[in-house]
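A, B, ... follow the sequence lines: proteins, then strands. Residue 1 opens every chain. As the structure is a prediction and not an experimental result, all values here were calculated from the model.
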2 protein chains.
Amino acid sequence: MTSPITIGQLAKATDTKAVTIRYYESVGLIAPATRTQAGYRLYTEQERDRLIFIKRARHLGLNLDDVKALLGLADDNNAPCEQVDSIIHEQLERVRSRLKDLQQLEQELDRLERCCQADTVADCKIIESLSR
Amino acid sequence: MTSPITIGQLAKATDTKAVTIRYYESVGLIAPATRTQAGYRLYTEQERDRLIFIKRARHLGLNLDDVKALLGLADDNNAPCEQVDSIIHEQLERVRSRLKDLQQLEQELDRLERCCQADTVADCKIIESLSR
DNA sequence: ATGAAGGTTCTAGCGGCTATAAGGTCAACC
DNA sequence: GGTTGACCTTATAGCCGCTAGAACCTTCAT
């Protein structure tokens with residue numbers, strides 16, 4: 001049982017920025033914090049855990065809507081796992097699709113990079129290939 | 001020698017949207033178009049070619065600043081090729097770095113997806129792994 | 001008492017568009 | 001000549017996930 005901490009301390013503890021925490025509150029990702037008499041936000045371990053959860057989910061590339069959905073599901077032990085699975089699955093599909101695109105892009109850029117041995121733009125194959 | 005076309009026709013010809021073309025003008029990527037008496041923008045093949053150039057460069061994932069730089073270089077036949085090369089090279093590096101990240105992400109998501117065989121959130125390994 | 005390091009709210013900005021509103025123009029048809 | 005509908009114009013706001021800045025208040029150590 002540790003005592004409540006300020007937003008700056010929570011930020012440090014979770015490697016987030018204070019502004020980001022306030023932003024999360026403003027978009028409903030975390031509940032409005034309790035306040036000191038002076039209006040300072042106060043947090044407990046519960047909020048710290050929630051923030052860590054958010055960080056991990058964001059690290060998976062999930063957008064804030066998905067994170068919010070996951071948080072909602074996590075809060076309800078009886079919720080079916082399906083919805084969790086499908087959020088992860090869809091993210092995996094998005095990542096794979098993006099990977100495909102990027103791999104193709106890498107090839108194109110690699111080919112472009114190799115093809116130009118000119119000195120000036122006049123003979124540059126890269127510019128040529130962009131102009132056609 | 002074809003006659004000048006309107007923004008909508010240019011948009012169709014280059015598979016862009018008219019708003020995007022106006023946006024490019026507003027950020028200085030293309031020069032202000034000549035206008036009819038009524039104020040309609042008019043374009044020639046020159047602008048069409050420039051727009052196609054922009055599209056190809058954007059397709060390589062380059063941002064508008066890089067595209068602008070490339071356009072500037074393309075306009076000057078005596079410019080050294082180096083700068084073109086370095087824009088492409090840096091983009092390739094960015095793409096490769098992003099690829100690395102995404103590949104790692106794919107693994108993580110794949111592992112997560114496999115690990116959950118539960119029915120409800122209470123036993124869900126995904127939620128567990130996000131909460132720790 | 002003072003100064004630094006924290007906290008507060010509010011507003012605006014990033015990139016690259018996209019959407020909406022409220023209006024002007026043009027060509028075709030009746 | 002009047003009307004429709006497709007096109008054009010500008011201006012403004014919104015998207016996402018923060019980030020930066022201004023202007024101010026509170027806390028703590030010296």
Starting at [atom1] of [X] and ending at [atom2] of [N], how long is that distance when rounded to a whole Å?
| X | N | atom1 | atom2 | answer |
| --- | --- | --- | --- | --- |
| B:Leu10 | D:dT9 | CG | P | 11 Å |
| B:Glu25 | C:dC17 | CD | C1' | 16 Å |
| A:Asp15 | D:dC18 | CG | P | 13 Å |
| A:Ile5 | C:dG7 | CD1 | P | 10 Å |
| A:His59 | D:dC18 | NE2 | C1' | 18 Å |
| B:Gln9 | C:dC26 | CD | P | 14 Å |
| B:Leu42 | C:dT25 | CG | C1' | 13 Å |
| A:Ile21 | C:dT9 | CD1 | C1' | 17 Å |

(message) Please report the interatomic distance CG(B:Asp110) to CZ(B:Arg114), rounded to the nearest 0.5 Å.
(response) 4.0 Å

Between [X] and [Y] (side chain of the first, backbone of the second, donor and acceptor by atom type, cut-off under 3.5 Å), is there such a pair?
| X | Y | value |
| --- | --- | --- |
| B:Glu106 | A:Val95 | no |
| B:Glu113 | A:Leu92 | no |
| A:Glu47 | A:Thr44 | yes |

(request) Under the side-chain contact (heavy atoms from CB on, under 4.5 Å) rule, collect the residues that match up with A:Arg111, sequence neighbours excluded. (result) none

(message) Looking at every non-hydrogen atom in both residues, tell me the closest pair between B:Val121 and A:Asp76 and how far apart they are.
(response)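 Result for this residue pair: CB-O, 3.6 Å.
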
(message) If I compare all heavy atoms of B:His59 with all of A:Leu105, which pair ends up nearest, and what's the gap?
(response) O-CD1, 3.5 Å

(request) Group every Ile, Leu, Val, Met, Phe, Trp and Tyr by side-chain heavy-atom contacts under 4.5 Å, then state whether B:Leu102 and B:Leu112 land in the same group. (result)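 B:Leu102 and B:Leu112: one cluster.
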
(request) Let me have a per-nucleotide readout for nucleotides 25-30 of chain D, 5' to 3', with B, S or -, counting only protein heavy atoms under 4.0 Å. (result) -BS---

What N/O pairs connect the protein and nucleotides 10-17 of chain D at under 3.5 Å? Give each pair on its own line.
unit_1	atom_1	unit_2	atom_2	d
D:dT10	OP1	B:Arg35	NH1	3.3
D:dT10	OP1	B:Arg35	NH2	3.1
D:dT10	OP2	B:Arg41	NH1	3.0
D:dT10	OP2	B:Arg41	NH2	3.0
D:dG17	OP1	A:Leu64	N	3.4
D:dG17	O3'	A:Arg58	NH2	3.4

(message) Is the phosphate of D:dC7 approached by B:Thr6 (side-chain N or O, under 4.0 Å from OP1 or OP2)?
(response) no

(request) Would you mind checking if A:Glu93 and A:Arg96 are paired as a salt bridge, meaning a charged N to carboxylate O distance below 4.0 Å? (result)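 Result for this pair is yes, salt bridge flagged.
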
